[in-house]
> 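Take a look at this one; I'll ask things after.
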Protein chains: 2
Amino acid sequence: MIEMRHLATLVAIKETGSLTRSAKRVHLTQSALSHQLKRMEDYYRVMLVDRHTHPLVLTSAGERLVKLAYLIREAVETAEREIQQDNSKNKGKLRIAIECHTCFDWLMPVMDDFRGHWPDVELDLVSGFHSHPVELLYSDRADLVIISENTSQEGISFSPLFRFELLAVMANDHPLTTRKHLVADDFVHETLITYPVPVEQIDLYRKVLLPSGVNPERRTAELTIAILQLVASRRGLAALPNWGLTNYLDYGYVSARKIGHLGLWSDLYAAVLSSDSQKNYVQAFISSIQQTCFKTLEDIEPFDS
Amino acid sequence: MIEMRHLATLVAIKETGSLTRSAKRVHLTQSALSHQLKRMEDYYRVMLVDRHTHPLVLTSAGERLVKLAYLIREAVETAEREIQQDNSKNKGKLRIAIECHTCFDWLMPVMDDFRGHWPDVELDLVSGFHSHPVELLYSDRADLVIISENTSQEGISFSPLFRFELLAVMANDHPLTTRKHLVADDFVHETLITYPVPVEQIDLYRKVLLPSGVNPERRTAELTIAILQLVASRRGLAALPNWGLTNYLDYGYVSARKIGHLGLWSDLYAAVLSSDSQKNYVQAFISSIQQTCFKTLEDIEPFDS
DNA sequence: AATCATTATGAATTCTATTCATTAAAGTAT
DNA sequence: ATACTTTAATGAATAGAATTCATAATGATT
């Protein structure tokens, strides 16, 4: 009999195109998934993934099962929501604060989806950006904040969301495009275009430039497209998440390079008061983030706290 | 995470109203189901079945999950059928022969359902009744026969379907209604109303009357309703499956008694040529019988060969 | 050709579901 | 009421299957 976990594995394989990456996502080893897949294929006597391609692609049978998996996941979630209904545990408010501008890109669809499923939860976005967003939880001005540093504080519960790579973006004819990857010194004589937030909240400063004592000129813009326009017209460099960039890179609008030879990676957490962490709509919101992000954003990775 | 097997358990509990009976149906012990149920309830922090009633009834949360279970079962079966499609393994013919008249009552709905799902399988009913129905398989005049004796012959594969109780049916004012159960001798001066088939194919004769040397007068009728009419108008007794009787008994049209103090039980098997037993539409047909019978017929029981 | 990355495989292990052996509880009958 | 029967619950022991580990095979990349 096929089980939920098998379907989850197939979904991961489809979304990551690799057993190794899938394994991380479902918190098992690559070997486990290989065995699982083999068992499924033996059971159905049908190939489910084509191993001769990179990334792995599902056969039509595999695709059919993934379709089934999505359908079942939806149905299960709906049913599970409904059986909690009498408990009136799904009434409440969820004020969300974010630290990084780019998060808007995926947060909006998540919120829209969530609103449909949890009509009795008042969803709000806390406006403005805050130097110590966790403070918003203590002072009861927000119920959930998306942050990129796990400072593991008293009474706060952190849930890992995903990890993504920040790429240095530059005009196509920029001299630095000859490099394979950039290092701190490469930024000395450049202008950095960032969102209008304190430097401590910008990973590139916090993890690369400030430790090396490099402090390039800075210019700010509110919107991602605005930043990209400035970059394209040679006003400077920017550091942006790879998943927000793929379209622009594919069309050759700008170029991107790794920052450091391992790349500059950023972890995203959802932080809530520990007293809220068991509320079912809070957990639903967090898993909703993961689900839609892993499904729609390319090349993001799961991680453990 | 909830798994398919948990949903199957809930379906069984709903359909049987008891953990003990459910356990037989899913081929586990009562203890296993009790643990399973507890785990599910702990997981959801919601009661799923009301233990204070007999038969067990599901709470609204339990019912919701059973609804989910049916939906998922459908979806899984559809998907599994579709992924086999390229294999052209689902083309073929299935000529069905039956030994007992009453089987018609449940076979028709099963066939209708099956026809919808396996359009490329030619379904036929082999007409007439045959003293050695397995011969029909050897001589290629039928592909699947429903029989009540497992003679375990060479090259034939038997699949247990279900077990049901045969009750003696009599007019409401019949003197034998005073008995708790009937024994062979009670039939001596009675007229038996049966389907028009050889006595060797009638369980009451084969298992009770012939062994005791009792041979009452016999009268035949083609249809179950006709038999019941004769019984109601005091023309004799009949032995019929309990599940075909519940309606008539509830309305007080006739009375029924056990045959022997343990009751007279009959086992039903599906027999196919071993060479056909792995064909997916054959397996689908057999599991379709079980599914609809367990869902719609009351008080039938699973059994193992 | 050599190296790097990914998947496959068989044996060992771990972990969880199930069974076993009882107890507790509920329902029937005396 | 009381015994008797049936059914469910429980905790410990067990069995079995899924996962990991260690390594080989395969395929991609330089």
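Letters A, B, ... are given to chains in the order of the sequence lines, protein chains preceding strands, and every chain is numbered from 1.
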> Kindly assign one of parallel, tilted or perpendicular to the pair A/H181 and A/H261, based on the angle between their ring planes and the thresholds 30° and 60°.
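Geometry flag for A/H261 against A/H181: perpendicular rings.
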> From CE of A/M4 over to C1' of C/dT16, roughly how many Å is that when rounded to an integer?
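Interatomic distance, CE of A/M4 to C1' of C/dT16: 18 Å.
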> Taking the six-membered ring where the residue is Trp, are the ring centres of B/F294 and B/W106 under 6.0 Å apart?
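B/F294 vs B/W106: aromatic centres not under 6.0 Å.
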> Hey, do the aromatic rings of B/F164 and B/F303 have their centres closer than 6.0 Å?
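Between B/F164 and B/F303, the centre distance exceeds or equals 6.0 Å.
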> Distance check needed: D/dG27 P versus A/D50 CG, whole Å only.
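My rounded result for the distance is 11 Å.
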> In whole angstrom, give the distance that lies between atom NE2 of B/H52 and atom P of D/dT7.
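Those two atoms, NE2 and P, are 18 Å apart.
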> Within the distance-only criterion (no hydrogens, no angle test), does the side chain of B/E77 pair as donor or acceptor with the backbone N or O of B/I72 below 3.5 angstrom?
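No.
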> Taking all atoms of both residues into account, what is the closest heavy-atom pair of A/A61 and A/M47, and its distance?
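Nearest heavy atoms, A/A61 then A/M47: CB-O, 3.9 Å.
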> For B/Y269 and B/F158, take the angle between the two ring planes, folded into 0 to 90°, and tell me which bin it lands in: parallel under 30, tilted 30 to 60, perpendicular over 60.
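The arrangement is perpendicular - the two ring planes meet at more than 60°.
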> Reading nucleotides 8-25 of chain D from the 5' end, what letters show protein touch, with B for base, S for backbone sugar-phosphate only, - for no heavy atom under 4.0 Å?
BBBB------SBBB----
> Would you kindly give the NZ-to-P distance between A/K24 and C/dA5, to the nearest whole Å?
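About 12 Å, once rounded to whole Å.
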